[in-house]
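Bear in mind the structure is a predicted one, so any value in this text is a computation, not a measurement. Position 1 is the first residue of the sequence, and the numbers go up from there.
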Amino acid sequence: MITVLKQNATKEQQDKLIKWFENQGLQVHISKGKYQTVLGLVGDTSEVDEELVMALDIVESVTRVSESFKKANRKFHPENSVIEVGNVKVGGGHFALIAGPCSVESESQIKGIAKAVKASGASILRGGAFKPRTSPYDFQGMRAEGLELLAEAKKETGMPIVTEIMNASHLPLFEDVDMIQIGARNMQNFELLKEVGKTRKPILLKRGLANTFKELLMSAEYIMSEGNENVILCERGIRTFETFTRNTLDLSAIPALRELTHLPVVIDPSHATGRARYVEPMAMAAAAAGADGVMIEVHNDPARALCDGAQSITPEQFDTVAKKVMKIRSIALED
Ligand code: PEP
Ligand code: MN
């Protein structure tokens, strides 16, 4: 249930109303916007007397929210959320250029790529340390050592880092990580979602291979219901009957999720297409459609990459993509 307060409501009146809701066993989510304050009520609201609330002097409107995602719902938080990843803001007009290799492979590889993508304008460094691979015989990532190398690359470049977690027991190793990625395969690993929800680190939540927008938002809700509201959503392509591309990039995620939620939406054109030469046009399309950022796999030597070489672009190619994306974004922002 959502209660929109009138502009002239005093703090004392607001606090009194919030207490009254809380005494009925409800959690009150307060969203103070420029023009209005919205109280989102989470819990069993069936006993709340709507007429009584509506009759209060300070109440503008009361609406019941039928969707099962509440904290992620735009109705609860009308303004776009801005998530802080280290010193970088994402969402609400702040665009994130996230780049780096699929996997951390060596000290020189991650540091070299980090410096190159930073010089081209990337704001956040990506790199997998724990890798979810289809085959157990494929490279599984450098694991803890990979995280240490990422932390060193962060120290040297000043870029915040994002990397995937696959097991909640690894959380202590993620101390230096600025944003924790939940990969597509773990989007519905609810126990893992609850555990990262107990941290206060930003979470990059990827859409599952065969999941709907609403399921993605329910997964975000798992994280947020534990108290961590720092969630960024990522569309990375879904499974369809098309096999020419690795997945099918669903760019309608941008306007659709924009409507349903206040959380930022980032596009990953690398995993979505699986082909390096499609990354540039799809990244440009994402920027044109109003994404809050793109995440791109960059490798110094794609042909020898230990993971996802076919979809990785070189630092030189990234430089061109970054320029084009930022140019398109500036046009997309014009009225
Ligand atoms: C990744 O970003 O490295 C990754 C494995 O992505 P996804 O979960 O989207 O497949
Ligand atoms: Mn990859």
Side-chain angles (χ1 to χ4, degrees), residues 96-164 166 177-179 181 183-184 204 206 234 236-237 244-247 249 266-284 286 293-326:
L97 207 44
I98 309 171
C102 178
S103 312
V104 179
E105 297 174 4
S106 69
E107 182 177 344
S108 61
Q109 177 245 20
I110 188 66
K111 289 186 179 173
I113 296 173
K115 285 175 193 157
V117 296
K118 187 185 176 185
S120 298
S123 48
I124 301 174
L125 176 66
R126 67 149 285 146
F130 291 91
K131 294 303 302 176
R133 302 304 300 275
T134 301
S135 166
Y137 307 116
D138 286 340
F139 175 59
Q140 302 288 301
M142 289 182 78
R143 303 171 69 87
E145 200 188 338
L147 292 181
E148 279 168 26
L149 293 179
L150 270 176
E152 280 183 33
K154 166 181 165 176
K155 222 187 250 167
E156 282 192 20
T157 59
M159 292 170 96
I161 52 179
V162 55
T163 190
E164 179 167 353
M166 293 205 292
V177 172
D178 299 283
M179 175 155 66
Q181 178 172 316
L204 183 68
K206 290 189 132 190
C234 180
R236 45 77 72 204
F244 187 69
T245 47
R246 183 176 181 184
N247 291 290
L249 178 57
V266 162
I267 300 293
D268 172 348
S270 309
H271 292 90
T273 63
R275 289 175 190 242
R277 62 184 179 280
Y278 298 167
V279 168
E280 179 179 304
M282 291 298 99
M284 288 164 73
V294 289
M295 179 157 86
I296 296 176
E297 286 191 340
V298 178
H299 198 282
N300 51 311
D301 188 359
R304 288 193 183 79
L306 296 180
C307 182
D308 287 349
Q311 67 195 32
S312 300
I313 59 173
T314 61
E316 294 73 32
Q317 289 167 328
F318 177 73
D319 192 62
T320 308
V321 175
K323 285 195 177 86
K324 290 194 179 177
V325 163
M326 296 319 284

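- Remark: Arg236 CZ to Asn247 CG distance equals 4.5 Å, nearest 0.5 Å.
- A distance-only check finds no donor-acceptor pair linking the side chain of Ser103 to the backbone of Gly128 [under 3.5 Å].
- Ile113 CD1 to Thr157 OG1: the interatomic distance, rounded to the nearest 0.5 Å, is 12.5 Å.
- No salt bridge links Asp308 with Lys131; every basic N to acidic carboxylate O contact stays at or beyond 4.0 Å.
- Among Glu297, Met295, Met159, the one residue that satisfies the side chain to side chain contact (heavy atoms under 4.5 Å, CB included) test with Ile98 is Met295.
- Distance check, rounded to the nearest 0.5 Å: CD1 of Ile110 to CG of Leu150 gives 5.0 Å.
- Taking the ring axis of Phe244 as reference, the NZ or CZ atom of Arg275 stays within 45° of it and closer than 6.0 Å to the ring centre.
- No donor-acceptor distance shorter than 3.5 angstrom exists from the side chain of Glu156 to the backbone of Ala153, with no hydrogens or angles considered.
- Going from atom NE2 of His299 over to atom CZ of Arg304 covers 10.5 Å, rounded to the nearest 0.5 Å.
- Note that NE2 of His271 is 4.5 Å distant from SG of Cys102, once rounded to the nearest 0.5 Å.
- Minimum heavy-atom separation, Gln140 to Arg143: O-CG, 4.4 Å.
- Between the CZ atom of Arg126 and the OG1 atom of Thr163 there is a distance of 7.5 Å, given to the nearest 0.5 Å.
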